[in-house]
Structures are given as C-alpha cells and as structure tokens.
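It should be emphasised that the depicted structure is a prediction, and the values quoted were computed from it without experimental measurement. The basis for the numbers below is simple: all heavy atoms, side chains too, and nothing from hydrogens, waters or symmetry mates.
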Amino acid sequence: MGELLPPGPAIDLSRTTLASRLRPSAELAVLDITKYFGDATGGIRTYLLEKARHVGGDPRLRQVLVVPGSEDSISEREGVRCYRLRGPRIPTQDAYRFLLATRTTRRIVEHERPDLIEVGSPFLVPWLTRRANRSLKAPLVWFYHTNLPRIVEHSLAIGGSAPQAASSAAWAYIRRLSRLFRATLAASDTVVRELEGQGIAPVYRVGLGVDLEQFHPEHRVNAEESRARAGLPSGPLAMFVGRIAREKRLDVVLQAWSAVEARTGATLVLVGDGPAKSSLQSRFRACRVRWLPYLANREWLADLFAAADLYVAPGPAETFGLSALEALASGTPVLSVNQGGVAELVTRSGAGGLYPLNDAGGLAETAIRLFESDRFALGARGRTYAATHHSWPVVFDRIFQVYREVLS
C-alpha cells in the first residue's frame, strides 16, 4: 500500500505553479490534512491511503492530501493528489514531522478548492488549517483519531503525577478545538459518548475498516514459514503491533508474561518502534519475549497476524484499534484491556477477552483462558464480524454519507 502515492521529485511548492485540479467535474472534493503520515506510521496513514484507493475507483469523488515529508513534493493518481510539505522531525517521535508551512497550505487550499476539509491532528494542524481556509471558508470536520485527554491521563498515572488536573486541561483544549469544526468524527461508540459527555456536538460514529483480502485466515497455512522468516519459534504465540509508547501500557503485558509463559509456554512478540522501546527492553528481560522492528511490508504483516494465536491490545486510550481489527480479520482472537476502542471491538465480535486496567494478574488469567479455549472458533467469529461490519467499501460509503450531511 505504501506505493499507492509515493513521493514525487522534490520541488519548491511555495513557488511552483500548481497543476489543474483533478476531476474538476467531481461531485465531492475532500482535502485531508494531518501530521500523522510517514513512512513508518500506522493506522491514520492506512486510513488515508485506503480512502485514496476508494476515491480512485469512484469518478464522483476527488481527494487532496496535505501531509508532512522530508521535502516538498507532489504525487497523484486517478482522482487523488498528495502534497508533501517539508517539515522537521518531531523530537522523540522520529516517525512524525511537523506540518508548519502556513503560506503553502493556504496556497494549496485556495488552488484545490475542496468542498470539505478533514483534519486528523489535534495540535498545530487545526490552527494552520483554519488560517489557510480563511478565504475559501470550506466546512471543516475533525476526525478524532487521538484521544488526547486519555493519553495524558494514563501517561501521567504511570509516572505517579496528578493525572486528573492534566486530563481536565486537555478536555478544555479539546472543547475549544471542537468549535473550529462543523462536525467531529469518532471511530467507536466509546469515544462518541466521551465527546458528547464533554458537550461536543455533533459527533458522528464512523468505524474504520480492514482489507479483507489482505488480512485473511488463509494465511494461516503458511504459519510456520512466516514464523521462521521472522525468527519466531513454534508453539503458542501472542503478538502486539504498533507504536511502542508509554500510553500503550505494554509494561502491564510484560509484567504478566512470566505467568502466562509458565502456564502455556507462549512466546510474546512486540512489533514496532517508539520512544518507550529501549526502556521496556531494559526493564523486562524474559526469554519468551521477542522484539521486531516496524514492518512496512503489509503482506508480511498479514502473514504474521495469521501466524499468531492471540493478539494483545493493552492501550486504554485507543480510539478504535485498527491493528486489532486486522487481527480479527486474520482469524486471530484479541486480548484487550477493558477500556477504549479495542474493548468495544472485542465485545461486539465476541472474539476475545478483556482484563481490568493495570491488572497484570487479570491479564495473565485472561490470556491463559484464551490460550486454553477453542481459538479457531473464536477466530472464525472475529473474521465473520470484520467481514460483516468493517470492509473498507462499507466504511467509506458511511464516511462520504456523513460528508454530504455536513454539507447539506
């Protein structure tokens, strides 16, 4: 999927004459802008690239992407144009870059003249977008991908700080930010309720999707080969895929794993990179915990999802949990903390188990129970749920319906 919109040659977008708009007769043109788009980023990048694939196949639609990059560049395909604007890396978050080019962003907005602009970041980007949109005044919507108050709350709780005051301040900022937008989109009922409870309206629930052909239980026939390629052993295997960050609460999983290993012999593999990786590696040294780097190859990742016996989702601040959905589509049951968007996926699908927040003992007990259960039956249940409710075509039909409601 990474080759869908590869960066074009470096240019100076503040001076370059911009090309004519793609599909000028399109019924609906959307501009997506976010900082969460890089070569080693996850769910938001996947969502935007899948949207580009959907738009490319529908002549009624047009999409413009504005994201950061190492250099200014433009790339395009049928109905879709991607502007990468040069920005510095964010300290401690090497996968991400700042999006700071206010004048160039304004130039792009005024040239492309979208019907609607969707913002996918909570910090500088919304304010930059508002400034760039002053002349056009296109309606703005916000996709609430990042649950900032919950991340603040859980991150500070780990360090023993006072999380409640910081979380309250974060909610005050979210309420203020929401006033910039005509509507807010959220991917789970859990987050919709939180936002509405803070007085934010209107909020639309738009769950995310999964490539049902790429993530499929059929990959399980190659499980041993997939494990060998990744240097993983035979036997029970649990897997986490994502950013190795404090708020993901991988420390609880690692605290619990010696008990899980003792009862089941299960190996835990953590796939990804992030600011907490080195500290977790130094704190927890278990013989059956393996660490793999970020995997850009989605085909290989799909093979690993199907080769695992259990997917672990410990982050209580997840707004949805795209990796957990990919696991369900692959026929792999999910073990999740009982808070956040993944807990909702597990409850709706019936294809996994939940454990209480911060409870390593509860995690171990639930993991052991799942390893001892009929995982193939659970996996089939998860696959059916993903295929019924979360195909990308169904998801984007819903999202573009929301766009039209906002514009009406």
Side-chain angles (χ1 to χ4, degrees), residues 40 42 92-95 150-161 163 226-228 230-295 301 304-305 307-318 321 323-324 327 332-340 342-343 346 352-372:
T92 75
Q93 301 184 46
D94 286 346
R150 293 301 179 200
I151 290 174
V152 168
E153 177 184 338
H154 292 297
S155 296
L156 291 180
I158 299 169
S161 302
S226 300
R227 291 187 185 204
L232 300 174
S234 300
L237 178 69
M239 184 169 74
F240 165 86
V241 177
R243 187 164 172 268
I244 311 295
R246 200 176 189 185
E247 69 271 10
K248 299 295 186 180
R249 298 313 315 267
L250 288 164
D251 56 319
V252 180
V253 184
L254 291 165
Q255 289 168 16
W257 209 255
S258 59
V260 179
E261 177 191 341
R263 287 278 298 277
T264 67
T267 298
L268 172 67
V269 57
L270 305 177
V271 182
D273 290 304
K277 186 171 184 176
S278 59
S279 63
L280 289 173
Q281 286 176 317
S282 63
R283 285 175 57 199
F284 299 98
R285 300 181 182 278
C287 63
R288 288 188 181 271
V289 175
R290 306 293 179 89
W291 301 81
L292 295 180
Y294 171 84
L295 294 180
L301 189 60
L304 283 181
F305 272 120
D309 298 291
L310 187 65
Y311 184 80
V312 184
E318 300 291 346
S323 293
T332 301
V334 174
L335 167 66
S336 172
V337 67
N338 63 352
Q339 294 186 16
V342 181
V346 171
L354 306 176
Y355 64 89
L357 178 67
N358 296 329
D359 187 349
L363 187 157
E365 290 175 9
T366 308
I368 291 165
R369 175 174 57 80
L370 289 172
F371 275 118
E372 293 175 348

Of Arg150, Lys248, Gln339, the one forming a side chain to side chain donor-acceptor pair (under 3.5 Å) with Glu318 is Lys248
Given Val253 and Leu335, is the side chain to side chain contact (heavy atoms under 4.5 Å, CB included) satisfied, shown in steps?
CA-CA 10 Å; Val253 184; Leu335 167 66; over 6 Å; no
So do Leu357 and Asn338 actually touch side chain to side chain, heavy atoms under 4.5 Å?
yes
Below 4.5 Å, heavy atoms only, C-beta onward: do Val346 and Ser336 meet side chain to side chain? yes
Those residues at least two apart in sequence (or on a different chain) that pass salt bridge (Lys or Arg N to Asp or Glu O under 4.0 Å) with Asp273 are Lys277
*Check: Arg246 and Ser279 side chains under 4.5 Å, non-hydrogen atoms*: no
CZ of Phe371 to CG of Asp309, rounded to nearest 0.5 Å, is 6.0 Å
Nearest heavy-atom contact between Trp257 and Ala266 is NE1-O, 3.0 Å
Is the side chain of Arg290 donor-acceptor paired with the backbone N or O of Ala230 at a distance under 3.5 Å, no angle test? no
Review point. So do the side chains of Leu292 and Leu304 get within less than 4.5 Å of each other, counting heavy atoms only?
Key: yes
### Query
Which class fits the ring pair Tyr311 and Phe305: parallel under 30°, tilted 30 to 60°, perpendicular over 60°?
tilted
Are side-chain heavy atoms of Leu254 and Leu270 found at a separation under 4.5 Å? yes
Output for pair (Arg249 CZ, Glu247 CD), nearest 0.5 Å, gives 10.5 Å
Heavy atoms of Leu370 and Gly353 approach each other most closely as CD1-N, 3.8 Å
Given the options Leu250, Leu268, Asp251, Val289, Phe284 meets side-chain contact (heavy atoms from CB on, under 4.5 Å) only with Asp251
Between Arg227 (side chain only) and Gly235 (backbone N and O only), is there a donor and an acceptor less than 3.5 Å apart? yes
Heavy atoms of Val260 and Ala367 approach each other most closely as CG2-CB, 4.0 Å
Counting distance only, does the side-chain N/O of Tyr355 pair as donor-acceptor with the main-chain N or O of Gly361 below 3.5 Å?
-> no
Of all heavy-atom pairs linking Ala343 and Val337, the shortest is CB-O, 3.5 Å
inquiry  = Atom CZ of residue position Arg369 - does it have more than 12 heavy atoms of other residues, nucleotides or ligands inside 6.0 Å?
reply    = yes
Here the pair of heavy atoms bringing Ala317 nearest to His154 is CB-CD2, 4.3 Å
Heavy-atom closest pair (Val342 atom, Ala324 atom, distance to 0.1 Å) is CG1-CB, 3.7 Å
